[in-house]
Structure formats: structure tokens, C-alpha cells
Amino acid sequence: MKIAIYPGSFDPITKGHLDILKTAAGIFDKVIIAVAKNSEKHGFLPIETRVELIKKSVEELDNVEVDSFDGLTINYANKKGATVLIRGLRAVSDFEYEMQLSQANSALDPDVKTVFLTTKPKYNFISSSTIREIFINAGDISKFVPEPVFEYLSKEYKVQQ
Ligand code: ADP
């Protein structure tokens, strides 16, 4: 059984993330999408909320599990019996960081391989930070995030649309 981890901040999950996840779910037996509790990043939504929103957004994907984790991604992958890490690439600007990250992970555990995926072009520019920026400035984010995220943000944060 080939298990892959898709780690990230998912603050919040976007249609770009979902597209990557669906592709990965079609390739691997099981994909665990896991929210990293990254101490260096100041979050927008609490970890539990991000996990809940992902769960609601992936209901129709049978071989996808949703989780969160502390510490090194490699240790989490080993704990889960995963041999693949999924990361997404948008533009050249992602490349240097993602390359460094995958090489660091590979140095820590050469048996865990990073697989890079891309989205459909229409989702390519979407990032959680862009979504947050549009949302807090009262722009329409409905095209860029899964329905549960849109509903949650519209309800919880009374931004004048
Ligand atoms: P992190 O803080 O770990 O970068 P993110 O939630 O921002 O977490 O992203 C998780 C992964 O998904 C990263 O590899 C990122 O490059 C990728 N990703 C995010 N949005 C897109 C997108 N629109 N297209 C392709 N990959 C994406």
C-alpha cells in the first residue's frame, strides 16, 4: 500500500490545494492531508478549524484522511507508514524553497520521496495568503475556495461584501 502525506498550512484550504489532493488521490492508495502546526508561522485560522474545513471539503474522496501534526514532517511520515510527500508547484518562485525542503527531507530520510504536482492553470495563482488578502478587503473569494470554507468565513467574519 503506497501512502502519501500532503503536508501544509492550509490556512485556509483552497481549490488549488484540493486540485493537487485529487490528483494525488488518483495516484496513491491513500493520501493523508495533514496540517502542520508550524510554530514560526502566525496563523489566521486555528488548526482545529483548518482540519474541520478540510474534512468538509474532501468528503467525497474515499482514500483521503485528514490530520494535523507537530514537529518534523519526516517523523510524521514514518509514524504513518508513508513513503511519499506531496508538494505543489505554482511558479518559479516556489521552486527554490520547495527544492531546499525536499532535499532537507531527503537528507533526513532518503526512503521518503517528495513528489511535486501542479494544478489546472485556472487554480495556479491561488494561495492561502492571496485568499486571505482578498477576503479581509471584502473581495469575493467564492471562486477560489471550497464551499465549506466560503460558508465558514462568510459566517464567522462579518466582512462587508
Ligand atoms: P506551506 O506553508 O507548507 O507552504 P501551504 O498550505 O501554503 O503550506 O501549501 C501547501 C503546498 O501546496 C505547498 O507545496 C504549496 O506550494 C502547494 N500549493 C498551494 N497552493 C497551490 C496552487 N494553487 N497550485 C499548486 N500548488 C499549490
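In each ligand, atom 1 is the first atom listed, and ligand 1 is the first ligand listed.
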Next item on the list: Take every heavy atom of Ile126, measure it against each atom of ligand 1, and state whether any distance is under 4.0 Å.
Entry: yes
With a 4.5 Å cut-off on side-chain heavy atoms, are [Y] and [X] touching?
{"X": "Ile32", "Y": "Tyr6", "result": "no"}
{"X": "Val31", "Y": "Val84", "result": "no"}
{"X": "Phe10", "Y": "Ile54", "result": "yes"}

Item checked: Test item: Asp109 side-chain N/O and Ile74 main-chain N/O as donor-acceptor pair under 3.5 Å -> no
Check: Where on Leu89 is there a heavy atom closer than 4.0 Å to ligand 1, on the side chain, on the backbone, on both, or on neither?
Finding: backbone
Item checked: Phe125 contact mode with ligand 1 (heavy-atom cut-off under 4.0 Å) -> neither
Checking the N or O distance criterion of under 3.5 Å, is ligand 1 in contact with [X]?
{"X": "Gly8", "result": "no"}
{"X": "Tyr6", "result": "yes"}
{"X": "Ser9", "result": "yes"}
{"X": "Ser127", "result": "no"}

Check: Does the ring center of Phe135 lie less than 6.0 Å from the ring center of Phe144?
Finding: no
What atoms of ligand 1 come within less than 4.0 Å of a heavy atom belonging to [X]?
{"X": "Gly16", "result": "23 (N)"}
{"X": "Arg87", "result": "1 (P), 3 (O), 4 (O), 10 (C), 11 (C), 13 (C), 14 (O)"}
{"X": "Phe10", "result": "6 (O)"}
{"X": "Ile20", "result": "25 (C), 26 (N)"}
{"X": "Asn124", "result": "23 (N)"}
{"X": "Glu98", "result": "13 (C), 14 (O), 16 (O)"}

Margin query: Closer than 4.0 angstrom, basic N to acidic O: yes or no for Glu147 and Lys56?
Written below: no
